Amino acid sequence: MEFFYDVVVIGAGHAGCEAAAASANMGSKTCLITMDMNKIGQMSCNPAIGGIAKGQIVREIDALGGYTGIVTDRTAIQFRMLNRSKGPAMWSPRAQCDREKFIWSWREVLDNIPNLNIWQDTVDELLVENGEVTGVRTVWGVIFHAKCVIVTAGTFLNGLLHVGRVQLPGGRMAEPASYHLTESIARHGITVGRMKTGTPVRIDKRSVHLDEMEIQDGENDFHSFSYMSEPRKLKQLCCWTCYTNPEVHRILREGLPESPLYNGQIQSIGPRYCPSIETKIVTFPDKEQHQLFLEPEGETTNELYLNGFSSSLPMEIQLEALRQVPAFRDIAVYRPGYAIEYDYFDPTQLRHTLESKLVKGLFLAGQVNGTTGYEEAAGQGLVAGINAHISCHGGEPFTLGRDEAYIGVLIDDLVTKGVDEPYRMFTSRAEYRILLRQDDADMRLTERSYRLGLASQERYDHLCRKREKINEIIALTKAFSIKPALINDTLESLGTTPLAHGCKLIDLIGRPQITLANMSEVIRPLGALIGDIADRKEEIVEAAEIKIKYQGYIEREKMIADKMQRLESIKIRGRFDYNELQSLSTEARQKLTKIDPETLAQASRIPGVSPSDINVLLVLLGR
């Protein structure tokens with residue numbers, strides 16, 4: 001049997017769902033091939049979306065017309081905005097989701113996209129002729145002819161599960177691995193490596209002494225992931241926290257000879273920033289406790305996820321150690337934690353479009369590129385889906401700059417620097433994080449997506465109304481003059497210095513104690529303007545306030561970003577003896593000497609060379 005498509009997507013995880021949706025919505029006849037149609041958008045590990053920098057990626061996906069944010073809002077059972085004590089560049093949305101409802105919400109989305117078909121099967125061969133993709137073949141012998149193929153196979157390529165010394169093939173617990181596809185891709189010169197990740201034990205809520213744990217509530221304000229979502233509909237639940245103790249650590253330490261991570265059974269590298277509990281006690285031997293988070297898996301289930309206790313130790317050691325935590329003394333579990341090893345492909349062999357440099361029409365996205373995390377995968381999938389459509393039908397390749405999106409930072413890091421461990425996004429990886437705030441992803445990206453034909457007219461019209469209202473608020477604050485007699489009583493009640501003479505309202509909004517909300521109560525024109533906003537009022541007011549309060553920082557970072565755009569033309573090879581530049585960090589001197597970059601832009605992307613090191617070179621060039 002044979003089928004003919006523009007785009008075929010292999011794997012229906014977070015990358016595959018976004019890739020298939022994007023290419024189909026742009027007009028490409030698309031087929032999404034998955035082993036199990038009941039596991040579409042499966043959250044293999046934590047049932048949560050977002051977090052530090054990851055939440056910003058989801059907002060960007062939403063701004064571009066993707067669906068991860070919409071599905072998350074529909075299925076959220078707890079929402080929090082992380083880092084609210086810091087500046088807005090660090091604010092990061094995060095939501096616990098109902099795992100099963102998340103799957104079926106994604107399925108509903110995909111089932112209703114024109115041009116998109118779903119096929120349940122396993123791909124075991126990539127078809128290539130003269131260095132160009134022609135399609136795929138499945139284990140059932142079905143051939144899918146395609147102009148472009150997007151591989152988003154997650155952890156399934158030659159996946160191997162570990163619990164203690166027990167090893168079983170699989171892409172996830174109780175799900176088969178995918179064989180032969182790696183070899184089919186590698187024969188075209190694409191470099192393959194192995195990585196490792198893991199997941200913790202799942203606990204029966206009825207066996208936990210929850211009254212002995214600290215409750216962690218969510219927030220139920222106007223914040224959400226999607227710029228288009230309705231308020232959350234599911235029951236909002238709490239999480240719980242507790243700590244390990246020296247007795248837990250003693251049992252884990254005695255079990256290390258049975259750990260696949262320490263007995264030589266696992267050779268591949270795991271995620272640095274999501275370590276197993278055994279890695280924590282080895283890396284931090286003097287630390288007497290580690291925090292654990294007990295998180296609900298769904299609105300109605302008793303299954304709980306134990307965040308912070310990822311492990312591949314034998315199941316009896318996992319249980320014995322956990323029972324030393326007072327709240328877990330009677331613990332019952334659904335299944336133990338486990339580790340998984342899987343194949344990935346060297347991302348430096350990709351273009352910024354995520355198309356292979358070696359095989360035309362082959363795109364790779366998600367964990368197969370050496371990343372970790374649903375959000376990083378979904379962002380790559382969206383970019384791959386857009387560019388696969390463009391490859392089929394013509395047009396300029398779609399790429400995102402480091403000053404445009406966290407997705408741009410992610411992809412540039414992958415294709416420029418490569419990976420030697422599973423890549424996770426952090427705000428610290430972005431030089432321009434003041435420009436890449438979660439509140440303004442739509443301002444940065446929706447217009448580009450609309451011009452591509454991906455973002456809908458409704459989404460674009462919403463952006464235009466929002467931008468108009470933000471500009472009206474800012475214009476009023478710039479024009480409105482404040483007299484001391486009008487405002488000083490209010491300023492004193494808010495704990496800020498009264499005015500000695502008049503000023504513009506925008507100057508007052510810059511004070512930390514002053515907000516548009518409390519000023520709208522005493523300044524009628526501002527109150528009237530805000531009162532007239534009918535749709536998503538709080539979101540618009542917050543966005544305007546951030547732009548006012550951080551205007552100086554934003555403008556300064558824009559200037560730096562514009563300067564960095566010009567660095568591609570600044571040649572530096574042969575101009576410096578880096579070992580003599582003591583104002584550079586030691587790592588920067590070593591890396592710059594070794595690589596001897598051609599341009600300042602290339603130097604800026606070398607691992608270990610920080611933005612401050614680049615600024616040093618800029619100063620020296622100016623001299």
Side-chain angles (χ1 to χ4, degrees), residues 81-92 219 221-223 403 427 430-444 463-563 611-612 615 618-619 622:
M81 184 67 75
L82 306 184
N83 281 341
R84 285 302 296 266
S85 63
K86 300 179 181 179
M90 306 295 285
W91 296 357
S92 302
E219 303 166 4
D221 63 5
F222 67 90
H223 288 106
D403 60 336
T427 52
E431 308 93 309
Y432 312 114
R433 54 185 173 271
I434 296 176
L435 303 181
L436 306 184
R437 307 181 311 279
Q438 60 85 30
D439 66 273
D440 79 333
D442 54 346
M443 297 294 173
R444 291 183 271 124
L463 169 72
C464 293
R465 290 194 300 271
K466 178 178 175 180
R467 181 187 288 138
E468 178 185 347
K469 291 301 180 184
I470 290 172
N471 289 340
E472 285 181 17
I473 291 171
I474 294 173
L476 175 62
T477 65
K478 287 180 177 178
F480 194 87
S481 297
I482 298 282
K483 292 183 171 57
L486 172 68
I487 201 70
N488 275 351
D489 289 346
T490 300
L491 296 181
E492 288 184 2
S493 70
L494 293 170
T496 185
T497 307
L499 294 177
H501 50 77
C503 69
K504 296 295 185 183
L505 176 56
I506 195 169
D507 297 321
L508 273 185
I509 301 297
R511 296 187 182 188
Q513 302 91 340
I514 305 300
T515 66
L516 287 172
N518 57 36
M519 286 297 97
S520 68
E521 296 174 4
V522 292
I523 297 170
R524 288 183 180 176
L526 180 62
L529 178 56
I530 291 175
D532 285 342
I533 300 173
D535 185 29
R536 302 179 83 91
K537 180 185 302 182
E538 296 95 338
E539 179 185 297
I540 289 170
V541 171
E542 180 181 79
E545 187 172 300
I546 289 171
K547 291 187 78 170
I548 292 168
K549 285 183 178 291
Y550 294 89
Q551 180 181 6
Y553 298 102
I554 293 168
E555 289 179 353
R556 185 176 66 183
E557 198 147 276
K558 280 181 179 176
M559 288 175 59
I560 296 171
D562 291 341
K563 187 183 295 184
S612 62
N615 284 335
L618 277 169
V619 170

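Owing to the predicted nature of the structure, the values given are computational and were not obtained by experimental measurement. For the numbers below, each heavy atom of this structure counts, side chains included, while hydrogens, waters and symmetry mates do not.
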Out of curiosity, [X] [atom1] to [Y] [atom2], how far, rounded to the nearest 0.5 Å?
X      : Y      : atom1 : atom2 : value
Asn615 : Glu431 : CG    : CD    : 10.5 Å
Glu521 : Ile530 : CD    : CD1   : 10.0 Å
Thr427 : Leu82  : OG1   : CG    : 11.0 Å
Arg465 : Ile470 : CZ    : CD1   : 12.5 Å
Ile540 : Glu468 : CD1   : CD    : 9.5 Å
Asp403 : Asp562 : CG    : CG    : 7.5 Å

What are the two closest heavy atoms between [X] and [Y], and how far apart are they?
X      : Y      : answer
Asn83  : Trp91  : O-CD1, 3.1 Å
Leu491 : Pro498 : CD1-CA, 4.0 Å
Ile554 : Leu435 : O-CD2, 3.7 Å
Ile548 : Ile506 : CG2-CG1, 3.6 Å
Leu499 : Arg511 : CD2-NH2, 3.6 Å
Arg444 : Arg437 : NH2-O, 2.9 Å

Worksheet item: Would Thr515 and Asn518 count as a side chain to side chain donor-acceptor pair (under 3.5 Å) if you check the C-alpha gap in whole Å, the side-chain angles of each, and the deciding distance to 0.1 Å?
Response: CA-CA 5 Å; Thr515 66; Asn518 57 36; 3.2 Å; yes
Could you give the side-chain donor-acceptor pairs of residues 474-482 under 3.5 Å, partners two or more places apart or in another chain?
unit_1	atom_1	unit_2	atom_2	d
Thr477	OG1	Ile474	O	2.7
Ser481	OG	Lys504	NZ	3.0

Item to complete: Output every pair passing salt bridge (charged side-chain N to carboxylate O under 4.0 Å, His left out) with a member in residues 529-542, not counting sequence neighbours, ordered by first then second residue.
Response: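 Listed by first then second residue: Lys466-Glu539, Arg536-Glu539.
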Worksheet item: Tell me, do Val522 and Asp489 make a side-chain contact under 4.5 Å, heavy atoms counted?
Response: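 The answer is no; the side chains never approach within 4.5 Å.
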Discussion item. If you apply the rule side-chain contact (heavy atoms from CB on, under 4.5 Å), what do you find for Ile487 with Met519, and how did you get there?
Written reply: CA-CA 9 Å; Ile487 201 70; Met519 286 297 97; 3.8 Å; yes
Item to complete: State plainly whether the residues Glu472 and Lys469 are in salt-bridge range, i.e. N to O under 4.0 Å.
Response: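 Here Glu472 pairs with Lys469 in a salt bridge, since their nearest N and O are under 4.0 Å apart.
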Worksheet item: So, the side chain of Gln513 versus the backbone of Leu494: is there a donor-acceptor pair under 3.5 Å, distance only?
Response: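 Absent.
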Fill in: Short side-chain to backbone donor-acceptor contact, Arg433 and Ala430, under 3.5 Å
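Confirmed, Arg433 side chain pairs with Ala430 backbone.
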Worksheet item: Which pairs with one or both residues in residues 549-560 pass side chain to side chain donor-acceptor pair (under 3.5 Å), sequence neighbours excluded?
Response: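 For residues 549-560, and leaving out neighbouring residues, the side chain to side chain donor-acceptor pair (under 3.5 Å) pairs sorted by first residue read Gln551-Glu555.
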